[in-house]
Amino acid sequence: MQHQVVQLQPATAFQSPNFQSYQHRQIDKIEALEQLPEHLRFEMKVVASVFPFRVNNFVIDNLIDWHKVPNDPVFQLTFPQRGMLDDESYELMAELHRRTPKPSAEEVHQLAQEIRKKLNPHPAGQMDKNVPQLDGEPVSGMQHKYKETVLFFPSQGQYCHSYCTFCFRWAQFVGKATRFNNNDADELHQYLREHKEVTDLLVTGGDPMVMRTSKLRGYLEALKGEEFDHIRTIRIGTKSLTFWPYRYVTDPDADDLLLLISELVAAGKHVSFMAHVNHLQELRTDVTREAIKRIRATGAQIRTQAPLLNNINEDPDMWAKMWQEQTQMGMIPYYMFIERDTGAKRYFELPLYRTWEVFRDAYKQVSGVSRTVRGPSMSAGPGKVEISGVTEVNGEKVFVLRFIQARNPEWVQRPFFAKYDETATWLDDLKPAFGEEKFFWQDEYEAM
Ligand SMILES: *Cc1c(COP(=O)(O)O)cnc(C)c1O
């Protein structure tokens with residue numbers, strides 16, 4: 001019997017535009033924006049002075065419905081919005097932009113830095129809490145928070161094809177570029193060699209898929225070797241499936257990339273793309289469908305994850321359709337996150353009780369094959385905390401919570417309870433229920 005394979009289309013069936021991206025100083029060059037009122041464009045320039053802005057021609061031409069702007073979800077996802085800044089910060093920056101003579105780039109930068117400092121740029125102790133060491137020295141391009149998983153930030157992957165407005169890593173993309181690290185492949189390999197307890201490598205960024213295949217090969221090919229047998233899973237966090245799907249189809253090194261992935265699979269690794277998809281609308285292009293088929297044909301899996309965001313995807317029916325569509329296309333729904341307490345949170349956040357309602361109203365509509373998704377989950381200092389529900393215990397209304405992942409594996413799957421609070425948007429806002437002083441994990445966490 002002949003083996004049925006997925007039908008792939010030849011790359012020539014797809015016309016790739018030349019990749020073009022626009023940043024803060026090029027907002028006026030984006031033709032599609034010309035139809036918008038002047039005040040909206042001014043607002044975008046003001047907000048883009050504080051938050052990272054970068055959008056590419058594929059997103060502009062294919063993923064945004066311009067007749068729905070400013071309410072279009074992908075427009076909200078990629079273009080700066082007035083509500084991302086509080087009134088005071090906005091007015092200060094707007095005043096500077098209105099001034100004659102025009103402010104210098106340095107003046108804008110100075111004020112932007114002042115504003116950024118107030119926006120909790122490094123949440124959950126990212127800068128200092130999870131940094132691993134090699135020969136007693138901290139390693140800058142890695143985080144090791146959960147025993148079995150190392151996060152790796154390759155130095156050439158520290159930007160994205162387009163930036164998301166709500167990004168929790170926003171502070172990495174503004175201001176001065178960090179030092180280029182030429183030894184990071186060696187450091188990665190040395191660290192993994194010395195840490196046999198690590199089973200999972202999660203390559204992230206920015207977006208590692210902005211890198212050329214030859215660079216990726218430098219990091220990943222070595223993991224086929226026997227000394228890395230303990231590394232069972234290689235995950236790649238990326239937005240490229242929807243922000244630049246040509247990476248897998250027509251880019252000059254697309255085939256070499258797929259070959260590299262196939263080689264890792266053949267070497268026994270579980271390879272999973274952790275695809276970031278915020279809205280069903282992002283999945284509608286033929287080239288994204290083709291990219292997904294090509295990745296799947298290598299034997300790699302694709303898991304999907306995204307935060308729940310006010311003004312972008314606060315819509316349980318959309319989430320249900322998106323998970324079903326993802327399952328249909330061969331992807332595995334994985335996480336629904338809660339927007340982190342950083343950056344433009346004020347514009348995108350939702351109260352915790354609402355995140356649970358949206359999750360539940362979406363989850364109950366899909367069959368078991370899409371119920372691989374977990375959430376709504378907060379990536380907080382002590383771990384990933386799921387809002388399992390809202391209920392009453394002995395007349396007290398409470399949140400039921402549990403760790404999906406934790407700094408101490410012993411905390412995982414132990415339910416705990418917080419006083420119900422309709423205004424709470426993050427773990428820090430919650431107080432233990434039943435008159436207790438502390439959550440069961442709190443003393444231990446504070447001592448870490
Ligand atoms: C989410 C996350 C992981 C991966 O956790 P899984 O539960 O295995 O998906 C690893 N490290 C950090 C810091 C994370 O936030």
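As the structure lists them, so they are numbered: ligands from 1, and atoms in each ligand from 1. Keep in mind it's a predicted model, so treat the numbers as computed, not measured.
- Ring to ring, F403 and W441 are close: their centroids are under 6.0 angstrom apart.
- The shortest N/O to N/O separation between R374 and ligand 1 does not fall below 3.5 Å.
- Every N/O-N/O distance between T149 and ligand 1 stays at or above 3.5 Å.
- Contacts with ligand 1 closer than 4.0 Å are made by side-chain heavy atoms of L151 only, the backbone lying farther away.
- Judged purely by distance below 3.5 Å, without hydrogens or angles, the side chains of K239 and N278 pair a donor atom with an acceptor atom.
- Checking F416, Y420, F417 one by one against F434, the ring-ring contact (aromatic ring centres under 6.0 Å, His included) holds for a single residue, F417.
- Taking the six-membered ring where the residue is Trp, the centroids of F173 and Y163 are separated by under 6.0 Å.
- Taking every non-hydrogen atom of Q405 and a distance limit under 4.0 Å, the qualifying atoms of ligand 1 come out as 5 (O), 6 (P), 7 (O), 8 (O).
- Considering only non-hydrogen protein atoms, atom 7 (O) of ligand 1 sits nearest to Y335 OH, 2.8 Å.
- In the candidate list R407, R303, R235, R235 is nearest to atom 4 (C) of ligand 1, counting heavy atoms.
- No more than 12 heavy atoms of other residues, nucleotides or ligands lie within 6.0 Å of CD in Q328, so this atom counts as exposed by the packing criterion.
- Looking only at heavy atoms of the protein, atom 12 (C) of ligand 1 is closest to Y146 CE1, 3.5 Å.
- Under the 6.0 Å cut-off for aromatic ring centres, H276 and F243 do not qualify, their centroids lying 6.0 Å or more apart.
- Shortest contact from atom 3 (C) of ligand 1 to any protein heavy atom: K384 NZ, 3.5 Å.
- Here's the thing with Q143: none of its N/O atoms is less than 3.5 angstrom from an N/O atom of ligand 1.
- Under a 4.0 Å N-O distance rule, the pair D256/R217 qualifies as a salt bridge.
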